[in-house]
Amino acid sequence: MTSTSALGSRRALTQDRVINWLFLSFLALSLLVGFLLLGALLVDVFRKGVGELSWSFLTNPPSSLPSRAGARPAILGTIYMMILLVVLTVPLGVGTAIYLEEYANKNRWYNRWLEINIQNLAGVPSIVYGILGLAFLVRGLGLGRVLLAGALILTLLVLPTVIVAAREALRAVPDSIRQGAFALGASQWQVVSRQVLPAAIPGIATGAILALARAIGETAPLLMVGALAFIAFNPTILGDFTALPIQIFQWISRPQEEFRHKAAAAIIVLLALLLVMNAFAVWIRNRYERRW
Amino acid sequence: MTARRRWELTLVALFALLATVAVIAASCGGDEGGIGGRVEIDGSSTVAPLTTLAAEEFQIVHPSARITVGISGTGGGFERFCAGETDFSDASRPIKDEEVELCADHGVEFIEFAVATDALTVVVNPDNDWVDCLTVEQLGTIWAPESESTIENWADVDPSFPDEALTLAGPGTDSGTFDYFTDVVNGDEGASRADYTASEDDNVIVQAVQGATGGAGYFGFSYFVQNPDALKAVSVDGGSGCVAPSIETALSGDYAPLARPLFVYANVESFNEEVVREFMRFYLESAPEIAEVALFVPLSQVQQADALSTFETAVSSVTPPPAAATS
């Protein structure tokens, strides 16, 4: 009797081990797929683009002649867009999240309605925001095809993501912190501004910057508001503009092989900008991280 | 702790650098000199390389001019042009009646200028050894709306052709190239079979034709010039023998009917602005050189002289001739 049960448990043990091994190899495979794709992309882009990267590539305006084409207006357009996006999305997104998490009474129908809508907005395809922007901002408000219009559209696009991320971060702050502060006589505003918000900053920053990084790579909504243009001068907030993803799109569709190399170089620049943003997110997270 | 401190400093420095670059670039880019002002252009992606080159060269001489060249397609360009949003519209086909009406509704008065010629090129796979020349009728057989799901093999086009599947690629319906080709080949603008690989990106057409032995497609001449080994251009017989597409045959008019003029439409009212006027003059005066560099067929001297005289007449009608121009 005892011998068979010992055998049975040994069999169960090997079975466990096999399952464990299968599961681990599945995880490794998932990881590998992502890494291989990214690796292939990077190798391809760097092979084509590194030779094109030069000071003149960064400072020259685009051109019909590959020999003198650069990406200055597009790079500046993307940097301006990044700055505007941070200024526009972070206060709006964090504000909304604070209201929904800290102030809103979840039993009221309008608060529930707000929540559902925000979650739905996060799933709307980006081109729809582009059309919305074209109809309401560019034509309706008469803003024109300007950088600000593009930035506002991208703001709308990433706002739901930022709100959701910020809410998660606020929710992760232990309730004992709030209650402790209230017990010491702090007002709601004092609790939020001095305890909850500082504690949530790492999460908010990570979420916001990942969302912004996505927005910077968006092409479709910007096409709708006229970023698909040849611009040899520096963009301004209320002037015509172009951005790196659009410049890449434009170069790739040119007949000359050299332009495809320019596109690869522009992709490297865009990746570098994204890397800077992500590094900033990591820094903020490390700087403000607290443990309880 | 010190490692972290250094890490922080590096990042702060990186951001400061980014901000400085932006500020410096913004300030040093504010070039001054020459005629200033804004010129807004939109329209065909086929004509854009020409207009872009003109804009570039013009801005080298007049650094404070700001010229935007959008690429919304011929139709999209006219939509904005007729709403009065743009000064010029690039077009790879003549303006349509409904677009003329749209312009009239908004009180936009325009003039048409030919700036170059393009030879629409019919291409087949380089391994295709049975086709060197196609008549316009044969092209019609291949591309007609009725041919959809009936002409699917080269043998269906002509019994002397081998039994090889016909794989077609061409520009999409928004393109002026599509409008022009269907008009000439199928006798009706926009009439085409729909079961082909349609793309506004001509590189996609190149790849599609390259990928199948029985592949065929059409696009502007410059794409063929850039991919001469990847594809084989077919001569076209418009009734007076086979003519291969080339700059010479398009210029002489022998490459009929697929040589097409490329246009820039100008809003007459915009000629009130010096920068618009001077840009157009510059564009027309240098049109032949621009066309050559951008791999298009240049205007003949007669065509260029015609365009310039049309331009001068239009300018003199909107601006009083003396004083103003010299000040």
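Chain identifiers are assigned alphabetically (A, B, ...) following the order of the sequence lines, protein sequences preceding nucleic acid strands; residue numbering begins at 1 within each chain. Since we're looking at a predicted model, the values are computed, not measured. Atoms considered below: every heavy atom in the structure, side chains included; atoms not considered: hydrogens, waters and symmetry mates.
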Exercise for the section: Using non-hydrogen atoms and a 4.5 Å limit, figure out which bit of B:Asp202 sits close to chain A: side chain, backbone, both or neither. Expected result: neither

Problem - Pick from B:Leu50, B:Thr52, B:Val293 with the largest number of heavy-atom pairs that fall under 4.5 Å of chain A - result: B:Thr52

Problem - Positions in residues 67-76 of chain B that reach chain A, provided some heavy atom is under 4.5 Å away - result: B:Ile67, B:Thr68, B:Val69, B:Gly70, B:Ile71

Handout entry: Partners passing side-chain hydrogen bond (donor to acceptor under 3.5 Å, both in side chains) against B:Tyr223 (at least two apart in sequence or in another chain)
Key = none

Handout entry: Any B:Phe279 side-chain heavy atom under 4.5 Å of B:His62 side chain
Key = no

Handout entry: Salt-bridge criterion met for B:Arg66 and A:Asp240 (N-O under 4.0 Å)
Key = no

Fill in the blank from the handout: Given the options A:Leu274, A:Ile83, A:Ile216, A:Thr78 meets side chain to side chain contact (heavy atoms under 4.5 Å, CB included) only with A:Ile216

Problem - Pair B:Asp42, B:Thr86: side-chain N/O donor-acceptor within cut-off below 3.5 Å - result: no

Problem - Close side-chain approach of A:Met82 and A:Leu85, heavy atoms under 4.5 Å - result: no

Fill in the blank from the handout: Paired with A:Ile204, the side chain to side chain contact (heavy atoms under 4.5 Å, CB included) test is passed by just one of A:Val162, A:Val94, A:Ile284, namely A:Val94

Handout entry: salt bridge (charged side-chain N to carboxylate O under 4.0 Å, His left out) evaluation trace for A:Arg214 with A:Glu218
Key = CA-CA 7 Å; A:Arg214 189 205 145 189; A:Glu218 271 295 340; 3.2 Å; yes

Exercise for the section: Select all residues of residues 56-65 of chain A having any heavy atom within less than 4.5 Å of some heavy atom of chain B, and report them by number, or 'none'. Expected result: A:Pro62, A:Ser63, A:Ser64, A:Leu65

Problem - Ring centres under 6.0 angstrom apart (B:Tyr265, B:Phe78) - result: yes

Handout entry: N/O donor-acceptor pair under 3.5 Å between A:Ser126 side chain and A:Pro221 backbone
Key = no

Handout entry: Engaged part of B:Ile60 at the chain A interface, taking heavy atoms whose separation is under 4.5 Å
Key = side chain

Handout entry: Partner residues of B:Asp118 under the salt bridge (Lys or Arg N to Asp or Glu O under 4.0 Å) criterion, sequence neighbours left out
Key = B:Arg260

